[in-house]
Engineer: 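Structure provided below as structure tokens; questions to follow.
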Amino acid sequence: MVLYVAKSSFSQDVAHISFPAEAAEVRNEVIAVEDFGGWAPAYIIGGDGAAQILTGRIERDTLFSEAGIQKLNQLAGLVDTMALDAQKVFAGALMAEHVKCLDDVLRVAGSLDRYELFSGIKTDEELGHFLVDTGPITGKFVFDEKVKPYLDYAKIGAEQRKLLGGTHTEQGFVKRREVVQTQKTADRPAFALTLASPTGAVRLDLPAPDDELERAKRALGLDDLGSADIQEVEIGYPWAHLLPTDAVTLEDANTLAQCVRAMTGQELRVFGAVLEVEEPRSFHEAGTIAMDIDDYELVSGSEREYGMEALRYAGAGDELLEILDGFTDFDTLGRLEMEQDGVRETSYGPVKRLSAPWPDQEPEIGQTMG
């Protein structure tokens, strides 16, 4: 973890202090900065990677305190191991919790699993659309299709943002995980198959444990459920129509149901987007996608935001982006980056594959997104 310390964001004398560090070394570097060109107090103006998020959240006195340096060394151990996605959650969680002191920063950094990031949601209106679109999954905000064009999505999103205690960030919408909601989701069947044999029919909720499979065997008088006829397939997700149901096997359906059960709300939305692009021909192919869901990501639909995010990924900070603004065509840059990354537009939002871009398609993504 590297922190930038200076008298101001425009100062020419900036100390790049690497942590973990010794307290005496940190004090000497800060004092050298403060004494340069006449004494004035120094403070943290930025940092490398996730450390830049700490600006304004660590007091000057911390840099002169043995206990403060120990805490910063502890924080360095957490920050230096954060993947890019974890850094995004970290930044959003600090904003959502209104963190202003090092102790709270440490608490958040050590409990990132308590927060979740919805990267495709950056406004109240987008949050409102997400809540309504996932209504059949969560059991909330379920509206008849006829009334959806008249809904005030921005108002729905704003009210729920306040209730959830979440916040919109450049990375997406961040909020605390809802334990009760997660448990309810886990209790809800992902799929249901109606299996039949000459002796009768059984409705089987998936994923099904071994004892339920044995019960179904006895009820149908079969030694192997693979020989049962699948009379009906029920799927309680908005993307159900994207799954082919003409060649379903119990094994493939059970595997897919297990994968879907483990998904977060955001991953379910990503899965729907990928199904639109990949158009799987079987439950087996859909299950392969589900098992590799981390290879896909919903991205911003704004070409300007996408271009700026590409520059951030290349190392540009907010100050540099402010300087470039007005001299750089971020829209064109974003459009080119989208084409290069193989971003595809879907009804769930733009999505890309991380391991390798999808092949080019017509019309190009820049044309479809305007």
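Hydrogens, waters and symmetry mates play no part in the numbers below; they use all other heavy atoms, side chains included.
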Engineer: Above 12 or not: heavy atoms from other molecules or residues under 6.0 Å from CD of E251?
Structural biologist: no
Engineer: Consider only side-chain heavy atoms of I, L, V, M, F, W and Y, link residues closer than 4.5 Å, and tell whether V89 and M95 are in one cluster.
Structural biologist: no
Engineer: Taking all heavy atoms of A216 and all of L204, pick out the closest pair and write down the distance.
Structural biologist: CB-CD1, 4.4 Å
Engineer: Nearest 0.5 Å, what's the OG1-CG distance between T264 and L268?
Structural biologist: 6.5 Å
Engineer: Which one of R353, K352, E297 satisfies the side-chain contact (heavy atoms from CB on, under 4.5 Å) criterion with V343?
Structural biologist: K352
Engineer: Take E126 and H168 through the side-chain contact (heavy atoms from CB on, under 4.5 Å) test and state the conclusion after the steps.
Structural biologist: CA-CA 10 Å; E126 290 174 344; H168 295 299; over 6 Å; no
Engineer: Going by heavy atoms in the side chains, are Y153 and V132 under 4.5 Å from each other?
Structural biologist: yes
Engineer: Measure across A93 and V174 and return the closest heavy-atom pair with its distance rounded to 0.1 Å.
Structural biologist: N-CG1, 3.6 Å
Engineer: List the steps and the verdict of side-chain contact (heavy atoms from CB on, under 4.5 Å) for D133 and W239.
Structural biologist: CA-CA 10 Å; D133 291 343; W239 34 255; over 6 Å; no
Engineer: Is the backbone N or O of I156 less than 3.5 Å from a side-chain atom of Q160, with the two atoms forming a donor-acceptor pair by type?
Structural biologist: no
Engineer: Would you find more than 12 non-hydrogen atoms of other residues, nucleotides or ligands less than 6.0 Å from E22 atom CD?
Structural biologist: no
Engineer: Please evaluate residues R161 and L127 with respect to the criterion side-chain contact (heavy atoms from CB on, under 4.5 Å), reporting the C-alpha separation (whole Å), side-chain torsions for both, the decisive distance (0.1 Å), and the verdict.
Structural biologist: CA-CA 8 Å; R161 170 175 50 79; L127 177 59; 3.9 Å; yes
Engineer: Linking I/L/V/M/F/W/Y whenever their side-chain heavy atoms sit closer than 4.5 Å, directly or via other members, would F36 and V26 fall into one cluster?
Structural biologist: no
Engineer: Do N254 and P207 come within less than 4.5 Å of each other through their side chains, counting heavy atoms only?
Structural biologist: yes
Engineer: Does the side chain of Q258 come within less than 4.5 Å of R261's, by heavy atoms?
Structural biologist: no
Engineer: Search all heavy atoms of L102 against all heavy atoms of G68 and return the closest pair with its distance.
Structural biologist: CD2-O, 3.8 Å
Engineer: To check you understand the geometry: which heavy-atom pair defines the closest contact between E116 and R176, and what is its length?
Structural biologist: OE2-O, 4.2 Å
Engineer: Counting only heavy atoms from other residues, nucleotides and ligands, does the tally under 6.0 Å from NZ of K155 exceed 12?
Structural biologist: no
Engineer: Check for me, please, whether L163 and F130 land in the same ILVMFWY cluster - side-chain distances under 4.5 Å, paths through other members count.
Structural biologist: no
Engineer: Please answer whether the main-chain N or O of A273 pairs with a side-chain N or O of T346 as donor and acceptor at a distance below 3.5 Å.
Structural biologist: no
Engineer: Among all residues two or more places apart in sequence or in another chain, which pass the side-chain hydrogen bond (donor to acceptor under 3.5 Å, both in side chains) test with T169?
Structural biologist: Q171
Engineer: Does this structure show an ion pair linking E279 with R344, if we count only N-O contacts that are shorter than 4.0 Å?
Structural biologist: no
Engineer: Rounded to the nearest 0.5 Å, what separation is found between the CG atom of L250 and the CG atom of L206?
Structural biologist: 6.0 Å
Engineer: Treating D80 as the side-chain partner and M1 as the backbone partner, does any N or O pair qualify as donor plus acceptor under 3.5 Å?
Structural biologist: yes
Engineer: Minimum heavy-atom separation for L225 and L213, please, with both atom names.
Structural biologist: CD1-O, 3.6 Å
Engineer: How long is the span from the CG atom in L106 to the NZ atom in K71, to the nearest 0.5 Å?
Structural biologist: 7.5 Å
Engineer: Return the orientation label for the Y296 and W358 ring planes: parallel under 30°, perpendicular over 60°, tilted otherwise.
Structural biologist: parallel
Engineer: Can you check whether V33 reaches E29 side chain to side chain, under 4.5 Å on heavy atoms?
Structural biologist: no
Engineer: Output the distance between atom CG (L112) and atom CD (Q87), rounded to the nearest 0.5 Å.
Structural biologist: 10.5 Å
Engineer: Can a donor-acceptor pair be found, under 3.5 Å and without considering hydrogens, that links the side chain of E285 to the backbone of R281?
Structural biologist: yes
Engineer: When you look at CG of D223, are more than 12 heavy atoms from neighbouring residues, nucleotides or ligands closer to it than 6.0 Å?
Structural biologist: no
Engineer: Please say yes or no: joined through hydrophobic side-chain contacts below 4.5 Å, possibly via intermediate residues, are I121 and L151 part of one cluster?
Structural biologist: yes
Engineer: L195 versus I230: any side-chain heavy-atom pair under 4.5 Å?
Structural biologist: yes
Engineer: Is there a chain of hydrophobic side chains (I, L, V, M, F, W, Y, each step under 4.5 Å between heavy atoms) that links V233 to I289?
Structural biologist: yes
Engineer: Dump the intermediate steps for side-chain contact (heavy atoms from CB on, under 4.5 Å) on E25 and I17, then the final yes or no.
Structural biologist: CA-CA 9 Å; E25 296 175 356; I17 305 178; over 6 Å; no
Engineer: Just to verify, what does N73 make a side-chain hydrogen bond (donor to acceptor under 3.5 Å, both in side chains) with, not counting sequence neighbours?
Structural biologist: none
Engineer: Is it true that E34 and R60 make a salt bridge, defined as a side-chain N closer than 4.0 Å to a carboxylate O?
Structural biologist: yes
Engineer: For the NE2 atom of H16 and the CG atom of L3, what is their distance to the nearest 0.5 Å?
Structural biologist: 10.5 Å
Engineer: Can you tell me how far the CZ atom of F271 sits from the CG atom of L256, to the nearest 0.5 Å?
Structural biologist: 5.0 Å
Engineer: Considering residues, nucleotides and ligands other than R107, do more than 12 of their heavy atoms fall under 6.0 Å from its CZ?
Structural biologist: yes
Engineer: Can you say whether the rings of F173 and F118 are parallel (under 30°), tilted (30 to 60°) or perpendicular (over 60°)?
Structural biologist: tilted
Engineer: Side-chain contact, heavy-atom cut-off 4.5 Å: E59 with T62?
Structural biologist: yes
Engineer: Side-chain contact, heavy-atom cut-off 4.5 Å: I31 with F64?
Structural biologist: yes
Engineer: Checking side-chain polar atoms at under 3.5 Å, does S227 have a donor or acceptor matched by the opposite partner on D224?
Structural biologist: no
Engineer: What heavy-atom pair brings A76 and P20 nearest, and what distance separates the two atoms?
Structural biologist: CB-N, 4.1 Å
Engineer: Does the side chain of F283 reach to within under 4.5 Å of the side chain of T249, using non-hydrogen atoms?
Structural biologist: no
